[in-house]
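Written below as structure tokens is the structure these notes are about.
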Amino acid sequence: MKYALYTGCVAKGAGRELMSATVYAAERLGIQIREMKDASCCGAGAIQEDNPLLADALNARTFSLAEEQGLDIMTICGTCQGVMRTAQIKMEHNPAHKERVNAALKRDSGREYQGKVKVKHFYQIVEEDYGLENLVKRVTRKLTGLKVAPFYGCYVLRPHEYSDTKVPDRPDYLEKLIAAVGATPVDYAEKQKCCGFPILMPNKANALQLSGNAMIGALKAGADVIVTPCPLCHLNMDSYQPEIEEMLDRKINMPVLHYPQLIALALGANLDELKMNTHVVLPNEKLLEVVNR
Amino acid sequence: MAKTKFLVSRYDAARDTKPYLQEFRLEIPQGATLLDCINLIKWTQDGTLTYRMSCRSAICGSCSMKVNGHARLACKTQAADVVIDGAVTIEPMGNLPLIRDLAVDLEPFFDSIDRVKPYLVPDESRQWKREMLQSHDDYRKIEDASTCIMCASCWSDCNVLEVDPRFLGPAALAKAQRFVHDSRDSDTIGRIEFLSRVTGMWDCTHCAECATRCPTDAKPLFRIKELRTAAMTHKITNNNGARHVLAFRESVGGTVPGIGGGMLNENYIPVRSVGFFNLDGILSIIPVGVRMIIRGKNPPILPHIIDKFGEVRAMFRRFNDYRKEYRK
Ligand code: SF4
Ligand code: SF4
Ligand code: FES
């Protein structure tokens with residue numbers, strides 16, 4: 001099993017601990033990854049709004065880089081995954097658009113996107129290609145007793161026409177992973193809602209309120225930690241948690257784990273290896289207790 | 001066939017302090033829509049059940065309600081398709097004051113539409129000798145938004161409206177896109193400026209609920225993206241949302257020297273977005289910056305440049321060509 005790893009910007013910037021956990025988890029699972037050092041930002045929806053054709057061409061370029069290597073793409077960011085799949089599906093559904101994208105791409109970079117490469121988030125690879133049952137076999141540290149709140153992030157669920165999630169209104173892949181590593185998934189109304197990160201700049205109060213509501217929901221449902229496949233959700237809930245606590249005038253103290261961190265912990269990683277001390281919200285008592293048991 | 005459990009939200013202000021779910025049982029007739037089933041419940045089991053309906057053919061927009069937690073037109077939904085473990089839950093739309101049972105007060109929704117001048121503003125200075133013709137391409141730009149049936153499904157499930165009732169909301173923004181891109185309208189710039197203010201197009205968080213729930217091609221999120229493209233194209237960028245987009249262009253495209261090459265420069269984004277000379281804005285982003293530096297979570301100071309960046313730079317050098325070549 002080998003994939004071209006599309007890191008996205010966050011795993012190389014404000015979320016480098018995501019990269020450490022991905023490398024750790026992939027290695028222990030026996031999934032080979034080769035980092036795409038020549039791939040650009042996916043545009044995160046912003047370049048798409050500035051210049052839709054250029055944004056699709058940027059992603060078509062990334063796809064052609066993987067095609068050149070003969071590898072499918074593994075993403076580790078829910079937003080990258082949604083944005084890149086949207087570009088792909090748009091081209092699939094509209095051959096004239098694909099032709100325009102390719103004409104521009106060829107002119108400016110000499111490349112062509114053939115339409116062969118598959119783009120999958122790490123979670124899809126674990127579930128569909130690797131198999132949770134195989135992951136279970138490699139678990140060396142069962143996270144028994146840890147109550148984990150799944151937080152999906154919008155981009156892998158909606159719009160439904162651009163989502164690969166099987167029943168996007170009732171997703172269950174995070175719950176299944178949580179159970180597979182021996183922890184307990186908790187259910188709460190906000191798990192499929194928006195974290196608010198995209199409007200952090202234009203409307204910070206709303207952005208923080210959205211994350212705040214989600215974390216309070218998880219807290220009320222009894223969660224010890226949150227897990228998310230999207231590092232932007234992580235950033236909003238983790239880096240801004242002190243401000244959110246101030247705004248809502250209540251303590252939250254909710255560690256927000258990246259998807260591969262949960263896997264890596266179950267495969268025996270220690271907190272330092274995962275650079276969990278770079279989170280703004282450090283591992284809380286319950287997480288320490290489960291990990292150090 | 002077994003009977004299906006219909007858990008229907010009930011509320012009567014004269015009697016109840018808050019809504020509750022009442023269970024009805026009904027055998028779903030073959031091919032019945034959800035609205036057919038609700039009608040059957042009203043006609044045969046409880047005549048006081050209150051909801052809106054009219055056309056029964058997905059055109060009047062009256063019958064939207066939350067089905068298993070998400071807004072849908074009851075008349076456009078096959079009842080059998082929404083049964084989960086023998087039950088279906090039916091509740092009133094969200095983000096609107098409840099009147100009774102499934103009927104909500106639609107005033108805030110219609111008020112939002114009024115706020116965007118939902119009518120053509122013609123150029124009065126022009127001598128009109130004949131009607132103004134629309135080309136096929138002209139029409140394509142406004143076609144999708146024109147299909148809105150004012151059902152408020154998008155409004156019901158909008159994540160931003162849940163935290164901020166001042167937000168213009170998806171349907172009004174979709175309606176606004178229809179006029180911004182209408183070749184007969186003379187107020188394009190005025191409209192974009194109005195829509196660029198706080199509570200407007202840049203306040204949408206991309207939750208994509210609207211694009212998912214909308215029963216027509218109006219799909220507001222996609223229209224909001226078209227509005228933002230219009231704002232960027234007309235260079236109406238004096239706000240945090242548009243500057244945030246500029247920061248992407250400048251760091252990914254490397255169009256401002258030293259800022260980046262192929263990847264996002266996460267140190268640049270916040271400063272660029274609030275505006276270089278906006279002291280309050282800069283002050284507001286300092287605490288998170290400090291927290292991240294303390295933890296070593298701050299992005300590397302030197303911008304990351306991807307391998308083969310020349311290819312990406314060549315694309316950004318033709319920025320305007322890409323805009324011209326794009327067809328919806
Ligand atoms: S995408 Fe934007 S307008 Fe649509 S429902 Fe979400 S926040 Fe509201
Ligand atoms: S945009 Fe779609 S969901 Fe919103 S009111 Fe119009 S038809 Fe209904
Ligand atoms: S009754 Fe008219 S849209 Fe459903």
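Letters A, B, ... are given to chains in the order of the sequence lines, protein chains preceding strands, and every chain is numbered from 1.
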Please tell me if the side chains of A:Asp38 and B:Ile306 come closer than 4.5 Å, counting only heavy atoms from C-beta onward. no
Any residue of residues 251-258 of chain A which, by heavy atoms, sits under 4.5 Å from chain B: none
Looking at CG of A:Leu71 and CG of A:Leu65, how far apart are the two atoms once the value is rounded to the nearest 0.5 Å? 11.5 Å
Roughly how far, to the nearest 0.5 Å, is CD of B:Glu325 from CG of A:Leu53? 6.0 Å
B:Asp81 atom CG, neighbour heavy-atom count above 12 within 6.0 Å: yes
With respect to chain A, which residue among B:Phe316, B:Phe319, B:Phe167, B:Trp202 yields the maximal number of heavy-atom pairs within a distance under 4.5 Å? B:Phe319
Side-chain touch A:Thr7/B:Met263, heavy atoms, less than 4.5 angstrom: yes
Which pairs, with at least one residue in residues 278-298 of chain B and sequence neighbours excluded, count as a ring-ring contact (aromatic ring centres under 6.0 Å, His included)? none
B:Ser9 side chain to B:Glu91 side chain, donor-acceptor N/O pair below 3.5 angstrom: no
Does A:Glu246 have more than 12 heavy atoms from other residues, nucleotides or ligands lying within 6.0 Å of its CD? no
Atom of A:Thr79, atom of A:Cys230 and distance for their closest heavy-atom approach: OG1-SG, 3.3 Å
Answer with side chain, backbone, both or neither: which region of A:Val101 has an atom nearer than 4.5 Å to a non-hydrogen atom of chain B? neither
Could you verify whether a donor N or O on one side chain and an acceptor N or O on the other, from B:His206 and A:Glu49, lie under 3.5 Å apart? yes
Side chain, backbone, both or neither of A:Ala39 within contact of chain B (heavy atoms, under 4.5 Å): backbone
Against chain A, work out which of B:Lys225, B:Arg323, B:Arg291 has the most heavy-atom pairs shorter than 4.5 Å and name it. B:Arg291
In terms of heavy-atom proximity below 4.5 Å to chain A, should B:Arg313 be classed as side chain, backbone, both, or neither? neither
Most heavy-atom pairs under 4.5 Å with chain B, out of A:Gly43, A:Ala96, A:Ala14, belong to A:Ala14
Chain A contact via B:Glu266 - side chain, backbone, both or neither, heavy atoms under 4.5 Å: side chain
Considering non-hydrogen atoms only, spot the tightest contact between B:Leu21 and B:Ile90 and give its length. CD2-O, 4.4 Å
Is there a side-chain contact between A:Cys154 and A:Cys194 (heavy atoms, below 4.5 Å)? yes
Could you tell me if A:Lys220 sits above the aromatic ring of A:Tyr188, with its cationic atom closer than 6.0 Å to the ring centre and no more than 45 degrees from the axis? no
Taking B:Asn240, B:Val198, B:Asp164, B:Thr212 one by one, which has the highest count of heavy-atom pairs under 4.5 Å against chain A? B:Thr212
Looking only at A:Leu58, A:Asp169, A:Asn277, A:Ile47, most heavy-atom pairs under 4.5 Å shared with chain B are made by A:Asp169
With a 4.5 Å heavy-atom cut-off (strictly below), which parts of residues 233-243 of chain A touch chain B? List them by number. A:His234, A:Leu235, A:Asp238, A:Ser239, A:Tyr240, A:Pro242, A:Glu243
From A:Ile244 CD1 over to A:Met215 CE, what is the distance, rounded to the nearest 0.5 angstrom? 3.5 Å
Atom of A:Cys41, atom of B:Leu264 and distance for their closest heavy-atom approach: CB-N, 4.3 Å
Toward chain B, the part of A:Thr62 with a non-hydrogen atom under 4.5 Å: neither
Between B:Arg228 and chain A, with a heavy-atom cut-off of 4.5 Å, which part of the residue counts as in contact: side chain, backbone, both or neither? both
A:Lys191/A:Glu175 ion pair, N-O < 4.0 Å: yes
Using non-hydrogen atoms and a 4.5 Å limit, figure out which bit of B:Glu226 sits close to chain A: side chain, backbone, both or neither. neither
Is the shortest side-chain heavy-atom distance between A:Pro171 and A:Leu157 below 4.5 Å? yes
Turns out that what part of A:Asp50 lies under 4.5 Å from chain B's heavy atoms comes down to both
On the 0 to 90° scale, with breaks at 30° and 60°, tag the A:Phe63-A:Tyr113 ring pair as parallel, tilted or perpendicular. tilted
Contact part of B:Ile84 toward chain A, heavy-atom cut-off under 4.5 Å: side chain, backbone, both or neither? side chain
Test item: side-chain donor near acceptor, A:Arg61 and A:Ser109, under 3.5 Å: no
Please indicate whether B:Arg166 has more than 12 foreign heavy atoms, meaning atoms of other residues, nucleotides or ligands, lying under 6.0 Å from its CZ. no
Under 4.5 Å from a heavy atom of chain B, the part of A:Leu200 involved: neither
Could you give me the CA-CA distance, side-chain angles and deciding distance for A:Asn94 and A:Lys98, then say whether side-chain contact (heavy atoms from CB on, under 4.5 Å) is met? CA-CA 6 Å; A:Asn94 184 348; A:Lys98 185 177 170 193; over 6 Å; no
Among B:Lys219, B:Met315, B:Met232, B:Lys328, who wins on heavy-atom pairs under 4.5 Å with chain A? B:Met315
For chain B, which candidate among A:Lys12, A:Arg170, A:Glu161 shows the most heavy-atom pairs at distances under 4.5 Å? A:Arg170
Main-chain N/O of B:Thr89 paired with B:Asn68 side-chain donor or acceptor, under 3.5 Å: yes
Heavy-atom distance under 4.5 Å to chain A: side chain of B:Val163, backbone, both or neither? both
Quick one: what part of B:Cys204 sits under 4.5 Å from any heavy atom of chain A, side chain, backbone, both or neither? backbone
Looking at side-chain heavy atoms only, is the closest gap between A:Arg85 and A:Tyr162 below 4.5 Å? no
Residues of residues 242-254 of chain B with any heavy atom under 4.5 Å of a heavy atom in chain A: B:His244, B:Val245, B:Phe248, B:Arg249, B:Val252
Atom CD of residue position A:Glu99 - does it have more than 12 heavy atoms of other residues, nucleotides or ligands inside 6.0 Å? no
Non-hydrogen atoms of chain A under 4.5 Å away: do they reach the side chain of B:Asp203, the backbone, both or neither? both
At a 4.5 Å cut-off on heavy atoms, which part of A:Lys275 comes close to chain B: side chain, backbone, both, or neither? neither
Structural part of A:His160 lying under 4.5 Å from a heavy atom of chain B: both
So which of A:Gly196, A:Gly8, A:Pro159, A:Pro168 has the biggest tally of heavy-atom pairs under 4.5 Å with chain B? A:Pro159
